[in-house]
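A note on names: the letters A, B, ... follow the listed sequences, proteins ahead of strands, and every chain is numbered from 1. Hydrogens, waters and symmetry mates are skipped; everything else that's a heavy atom, side chains included, is used. Here the structure is a predicted model, which is why all the values come from computation and not from measurement.
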Amino acid sequence: MAVQNADIARIFDQVADLLEVRGDNPFRARAYRNAARTVGEWGENLSEVLSKTGHLPRIPGVGTDLDGKIREILSTGRLSTLEKLREEFPPHLTELLSIPGLGPKKVRAFYEELGIQDISGLHRALLDHRIAGLRGFGPRSEERLIKSVEARLAKVRRYKLATAAQYARPLVTLLTGVRGVREVVVAGSFRRRKETVGDLDLLVTTEDPEPVVGRFVSWEGVERVLASGSTKASVVLSSGIQVDLRVMPPASFGAALVYFTGSRAHNIALRRLAQDRGLKINEYGVFRGKNRVAGETEESVYRILGLSMIPPELREDRGEIQRAARGPLPALVTLPDLKGDLHAHTRWTDGHNSVREMAEAARDRGWSYLAITDHSRRLTMVHGLGPAELREQGEEIDRLRPLFPGLSLLKGIEVDILEDGQLDLPDQSLLSLDLVVGAVHSKFSLSRADQTTRILRAMDHPRFNILAHPTGRLIGEREPYDLDMLRVLRKARERQVALEVNAHPERLDLTDVYCRMAKDEGVLLAINSDAHAPGEFDNLEWGVGQARRGWIEASDLLNARPLGELLDFLRKKPSKTRPEGPAGSG
DNA sequence: GCCGTTTTCGGCCCGACTGTTTTCAGTCG
């Protein structure tokens, strides 16, 4: 069982937790924390890199010592440093750190003074009123902690981006209506278009903060107020999501927007850069001594640091700052760049609308093309199409085409990739189509080797054009299947296959990291809605966000190309050899 | 524990809010 980067990250995070509780050098703990984040987001599997090349790549924040510790984890699956630290504390003590309001100092006090070892121990101590007697704790702490612990026992969650957007909308409307308000922006990970968000961060600019905070905390959708000051407040909505509000003067809008958009790591890197230049940066502006020298716009903040403007989706401290110091960042893809959608369903299988209705919606969006890609026969529960039904659907498309002069309706299929890598329709059927989208809908638990071989084989089929939702994950519901993505990408380039960025809010598959990896490997992507109704074309917005997080430009996208170029790509040259045999069966 | 073209030692991001404190530590984002 190969060690994943996430395993290394988890171990480093645990070391950091324990170092903090122990009261060790805080910068040492931070070093582990930083390394955990960087390694956890590292694009290539470090275990594989090490076995192939004999050394680890140069990873920022990983020096000689942590390099050695990563090697130890890769070879043994454990870290002796962590094991030793664990001996000093009860095994579940660090779980307490996940409770809002509890940090390392308090957790340590609970342990040393009351012998509390885990969350249920804390719960008992709270109910016995033992906590309120501790130095630094009073009845208010007790009351808050009881709520937090009980909420924690009821499990916290993250929200899909599209879900968070629904909760944000009425609040933006509410605050925009307060007299004197200039700007209302949902910042934080929402603005960075992360696939899930833990809470919503609202930034409001006005000269008169009080009525804004007042309106916010008294809104009918608020279930409880966690904190409320003159310029800052936190609430939990009845939907369960936490919303943090910050009110700032208009002159600080840009600096505040940078600050509250994050990410945390990006902000820390910016402030370091500011220090090097003798500047100080905070949410009010950029300062030289006591003079504010920038801050009204985001551009001004970046400019004074010697950086070109960095789009929110790139602000993860994954090289965007170094790149912005050298010149403009890539012009990331935008929704209007898309010239069509290459993955959509109709009533022929599990869609809710006719081909005609889907085509009308596509035309109304001004697209040049729309591919109809219903399921193949293997998916019996949705009445997947066999050769005869596919032919009939093709005839319907032929009849509709004259009605849509500006829109090319493409005949396609979302064909199942069977367990052995064959496609779920005969070659003859596939040859009659404009494009073939292939997807895995079964046997998710194959080994990494078998799953990879299965998909590589399918991609060898001469009609295979797009690999749909390449890892099969459903956010919060189903883990991705195990896959050697690098081999898939290299095969895709070799076989002229595009990979999909499925824009459905539950999928967003590929991830941002894989998007960037695909770009590095020279593989084209297609941002597709997988729409089952015309309204779901709107989901493309989330796919675009995901692609932007992966540094994707219009030139990296198959469906940002004009029709002629798209068709050229789809009509790829037949391969000279078919080393793994015909993939389509009879 | 990391890092460095002012540095291989001595730094390491910054401010608001809370609760308990009587001047501030801890936590959070």
Undergrad: How would you list, by chain and number, every residue that makes a salt bridge (Lys or Arg N to Asp or Glu O under 4.0 Å) with Arg78(A), sequence neighbours excluded?
TA: Glu83(A)

Undergrad: Taking salt bridge (Lys or Arg N to Asp or Glu O under 4.0 Å) as the test, write out the residues that go with Glu207(A), two or more places apart.
TA: none

Undergrad: Quick check on dT20(B): is either OP1 or OP2 less than 4.0 Å from any side-chain nitrogen or oxygen of Ser141(A)?
TA: yes

Undergrad: Tabulate atom names and distances for all N/O pairs under 3.5 angstrom spanning the protein and nucleotides 2-4 of chain B.
TA:
from, atom 1, to, atom 2, distance (Å)
dC2(B), OP1, Gly63(A), N, 2.7
dC2(B), OP1, Gly63(A), O, 3.4
dC2(B), OP1, Leu66(A), N, 3.1
dC3(B), OP1, Arg58(A), NH2, 3.2
dC3(B), OP1, Gly61(A), N, 2.8

Undergrad: With distance as the sole criterion, is a donor-acceptor pair present between the side chains of Ser120(A) and Asp118(A) under 3.5 Å?
TA: yes

Undergrad: Could you tabulate the donor-acceptor pairs under 3.5 Å formed by side-chain atoms of residues 101-111 of chain A, not counting sequence neighbours?
TA:
from, atom 1, to, atom 2, distance (Å)
Arg108(A), NE, Glu112(A), OE2, 3.1
Arg108(A), NH1, Arg22(A), O, 3.4
Arg108(A), NH2, Glu112(A), OE2, 3.4

Undergrad: Would you tabulate the nitrogen or oxygen pairs shorter than 3.5 Å linking the protein to nucleotides 8-11 of chain B?
TA:
none

Undergrad: List in chain and number order the residues that pass salt bridge (Lys or Arg N to Asp or Glu O under 4.0 Å) with Asp67(A), two or more places apart in sequence or in another chain; answer none if no residue qualifies.
TA: Arg71(A)

Undergrad: How does protein reach along nucleotides 24-29 of chain B, written 5' to 3' as B (base within reach of a heavy atom under 4.0 Å), S (only sugar-phosphate), or - (no contact)?
TA: --SSSB

Undergrad: Donor-acceptor pairs under 3.5 Å, side chain of residues 232-245 of chain A to any protein atom, not counting sequence neighbours: which ones?
TA:
from, atom 1, to, atom 2, distance (Å)
Ser234(A), OG, Asp244(A), OD1, 2.7
Gln242(A), NE2, Asp244(A), OD1, 3.0

Undergrad: Mind jotting down which residue pairs meet the ring pair (Phe, Tyr, Trp, His ring centres under 6.0 Å) criterion with at least one end in residues 22-64 of chain A? Sequence neighbours excluded, please.
TA: Phe12(A)-Tyr32(A)

Undergrad: Who are the side-chain hydrogen bond (donor to acceptor under 3.5 Å, both in side chains) partners of Glu298(A), not counting sequence neighbours?
TA: Arg191(A), Arg315(A)

Undergrad: From the options dC17(B), dG1(B), dG15(B), select the nucleotide whose nearest atom is closest to the side chain of Ser230(A).
TA: dC17(B)

Undergrad: Return the set of residues passing side-chain hydrogen bond (donor to acceptor under 3.5 Å, both in side chains) with Arg86(A) (not counting sequence neighbours), or none when no residue passes.
TA: Gln14(A)

Undergrad: Quick one: list whatever passes salt bridge (Lys or Arg N to Asp or Glu O under 4.0 Å) with Arg264(A), sequence neighbours left out.
TA: none

